[in-house]
Structure formats: structure tokens, C-alpha cells
Engineer: 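Here it is, the structure in full.
Treat the numbers as computed from the prediction; the structure is a model and nothing was measured. In what follows, every chain begins at residue 1, and chains take the letters A, B, ... in the order their sequences are listed.
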Amino acid sequence: GAGVSQSPSNKVTEKGKDVELRCDPISGHTALYWYRQSLGQGLEFLIYFQGNSAPDKSGLPSDRFSAERTGGSVSTLTIQRTQQEDSAVYLCASSSVRGPQETQYFGPGTRLLVL
Amino acid sequence: KQEVTQIPAALSVPEGENLVLNCSFTDSAIYNLQWFRQDPGKGLTSLLLIQSSQREQTSGRLNASLDKSSGRSTLYIAASQPGDSATYLCAVPGGSARQLTFGSGTQLTVLP
């Protein structure tokens with residue numbers, strides 16, 4: 001079946017502009033995660049959605065970052081007033097089974113470059 | 001706070017060699033441990049998941065072991081091939097969202 005998809009695959013923007021990144025999780029997966037992978041920081045957790053519950057935003061680095069998940073499926077990560085340090089690969093993951101067997105499946109990522 | 005460390009950071013071996021990648025974590029209260037592969041410019045591919053009650057998992061030429069009490073996991077790759085060249089990451093879930101905490105990865109190069 002189809003895996004996790006993300007769009008765009010690459011995004012170049014100017015400092016100060018807003019960007020939206022999209023994630024389509026695997027159909028039926030109730031859990032959705034956003035992570036960021038940057039050169040100096042490795043892979044970092046950003047935000048988590050589980051079903052219709054309120055999202056866990058504990059990993060968001062600043063209030064310029066926000067995300068929503070519509071209808072329990074597609075998610076959009078928005079970065080407002082982008083800064084050069086926002087340049088990174090943004091990865092989305094989804095999973096279905098909670099507990100010791102939970103496997104997170106990752107999308108190909110969106111490579112963001114802020115000039 | 002969970003911390004995950006991977007050693008070595010980079011490894012280069014000739015084709016056909018068996019090799020071991022190491023992963024250590026500071027908090028042994030984990031649900032499971034996952035090993036991922038990442039090719040340049042690509043996302044993460046899940047290789048193996050070891051549940052906390054298990055000691056090892058095997059998939060083809062890959063064997064992952066887990067020793068919770070010592071906070072260690074190893075990924076053994078048998079008869080390495082140039083196609084195995086990639087960055088290998090280990091990760092454990094934790095925190096309020098069971099988000100994954102990743103090691104910094106081992107960049108493997110298998111020379112033909």
C-alpha cells in the first residue's frame with residue numbers, strides 16, 4: 001500500500017516568508033508525528049497528533065511553528081516569518097499500533113532552505 | 001531526559017565483511033528500540049523493531065540485539081554489500097507523545 005507522502009519535496013524561500021508543509025499519513029494510521037532533521041541538531045521531535053485528541057506541541061521550537069491535522073488524516077506544518085536557522089529537512093511519520101510493537105513509518109521529507 | 005548515542009560515527013569496510021553498529025541509551029525504561037536506515041536525500045526506512053521483552057530480532061542479513069539493563073543495542077550486518085552503504089540510526093520512544101529520540105547515526109560505507 002501507499003506509504004507516508006510529503007509535499008513539496010523541496011522548498012526554497014526568503015527569510016521572513018511563511019511556508020506550509022504537507023503530510024499524508026498511511027491510511028488508517030491514527031498517530032502522526034513531525035520531526036526536524038538539521039545538520040547541527042540531528043533528528044528532533046516537533047509535534048504529535050493522536051486521533052481527535054489535542055496535539056502534543058512540546059517539541060515546537062518557537063511560536064512561529066504551528067501544525068494542524070484535518071479530519072484525522074492530512075497534516076500541515078506552518079512556519080511563519082521563516083529564519084535561516086529553520087533550514088532543515090522536515091519529516092513526517094505515522095503509526096497505528098500503540099505499545100511495544102509501535103513502528104513509526106516515515107515519509108521522504110521536505111527539504112526547506114531559507115535564504 | 002533520554003539520550004541516545006551511536007558509535008562509531010562513521011565506518012568504512014570492504015565488501016563481504018561482517019560488522020557491528022552500536023547504540024546506547026541512558027533510560028532503560030523503554031517500550032522498544034528501532035533501527036532505521038537513511039539513504040542520502042531520503043527519508044527513514046524502518047529496518048528492525050525490538051520490543052522491550054525481546055533480546056533480538058533478525059531480518060535477512062541483519063540482526064539486532066537489545067540489552068535493556070545495560071542500555072545497549074547492536075545492529076549486526078552480515079556479509080556487507082555496497083548497497084548497504086547508508087546512515088543507520090537507532091531510536092527509542094519516550095516522553096509524553098512516545099516520540100522517538102534518535103542517535104546521531106553511523107554513516108556506513110561498504111567499498112566494492
Engineer: Is it possible for you to say whether B:Leu21 and B:Leu66 belong to one hydrophobic cluster, with membership spreading through side-chain heavy-atom contacts below 4.5 Å?
Structural biologist: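 The answer is yes; both residues are in one hydrophobic cluster.
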Engineer: If you count the non-hydrogen atoms of other residues, nucleotides and ligands that lie under 6.0 Å from CZ in B:Arg61, is the total more than 12?
Structural biologist: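 Atom CZ in B:Arg61 is crowded, with more than 12 foreign heavy atoms closer than 6.0 Å.
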Engineer: Name the option with the most non-hydrogen atom pairs under 4.5 Å to chain A; the candidates are B:Ser46, B:Gly103, B:Gly43, B:Pro93.
Structural biologist: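 Option with the greatest count: B:Gly43.
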Engineer: Is there a continuous path of hydrophobic side-chain contacts, each under 4.5 Å between heavy atoms, that joins B:Ile77 to B:Ile50?
Structural biologist: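 Linked within one cluster.
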Engineer: For A:Lys57, is the NZ atom crowded, meaning more than 12 foreign heavy atoms sit under 6.0 Å from it?
Structural biologist: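 Check fails, neighbour count at 12 or below.
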Engineer: Take atom CD of B:Glu3 as the centre, draw a 6.0 Å sphere, and report whether it contains more than 12 heavy atoms from other residues, nucleotides or ligands.
Structural biologist: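 Result for CD/B:Glu3: open.
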Engineer: Would A:Leu21 end up clustered with A:Leu60 when hydrophobic side chains under 4.5 Å apart are linked, directly or stepwise?
Structural biologist: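 Yes: a chain of side-chain contacts under 4.5 Å links A:Leu21 to A:Leu60.
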Engineer: Mark yes when over 12 heavy atoms from residues, nucleotides or ligands other than B:Gln54 sit less than 6.0 Å from its CD; otherwise mark no.
Structural biologist: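 Above 12, so yes.
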Engineer: Working to the nearest 0.5 angstrom, can you tell me the gap between B:Phe102 CZ and A:Phe45 CZ?
Structural biologist: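 So the gap between those two atoms works out to 11.5 Å.
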Engineer: For the pair A:Leu43 and B:Leu44, evaluate side-chain contact (heavy atoms from CB on, under 4.5 Å) and give the outcome as yes or no after the intermediate values.
Structural biologist: CA-CA 11 Å; A:Leu43 266 153; B:Leu44 277 64; 4.0 Å; yes
Engineer: A:Gln37 versus chain B, heavy atoms under 4.5 Å apart: side chain, backbone, both or neither?
Structural biologist: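 Just the side chain, heavy atoms under 4.5 Å.
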Engineer: Need one label for B:Leu89: side chain, backbone, both or neither, based on atoms under 4.5 Å from any heavy atom in chain A.
Structural biologist: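 For B:Leu89, the contact with chain A is made by the side chain alone.
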Engineer: In residues 106-115 of chain A, which residues are in contact with chain B at a heavy-atom separation under 4.5 Å?
Structural biologist: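 The stretch touches chain B at A:Phe106, A:Gly107, A:Pro108, A:Arg111.
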Engineer: Among the clusters formed by ILVMFWY side chains lying less than 4.5 Å apart, do A:Tyr105 and A:Tyr48 turn up in the same one?
Structural biologist: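 Looking at the clustering, A:Tyr48 is in a separate group from A:Tyr105.
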Engineer: Can you tell me how far apart CZ (B:Arg98) and OH (A:Tyr33) are? Round to the nearest 0.5 Å.
Structural biologist: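 Between B:Arg98 CZ and A:Tyr33 OH, I get 7.5 Å after rounding to 0.5 Å.
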Engineer: Is it true that atom CZ of A:Phe65 has more than 12 heavy atoms of other residues, nucleotides or ligands lying nearer than 6.0 Å?
Structural biologist: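 Yes.
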Engineer: If I take atom OG1 from residue A:Thr103 and atom CG from residue B:Leu47, how far apart are they, to the nearest 0.5 angstrom?
Structural biologist: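 Those atoms lie 11.5 Å apart.
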Engineer: I'd like to know if the side chain of A:Tyr35 and the backbone of B:Gln99 have a donor-acceptor N/O pair within less than 3.5 Å.
Structural biologist: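 It does not hold such a pair.
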Engineer: With a 4.5 Å cut-off on side-chain heavy-atom distances among I, L, V, M, F, W and Y, is there a chain of contacts connecting A:Val4 to A:Leu32?
Structural biologist: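 Looking at the clustering, A:Leu32 is in a separate group from A:Val4.
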Engineer: Can you name the closest pair of heavy atoms from B:Gln34 and A:Gln104 and give their distance?
Structural biologist: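 In terms of heavy atoms, the two residues are closest at OE1-N, 3.4 Å.
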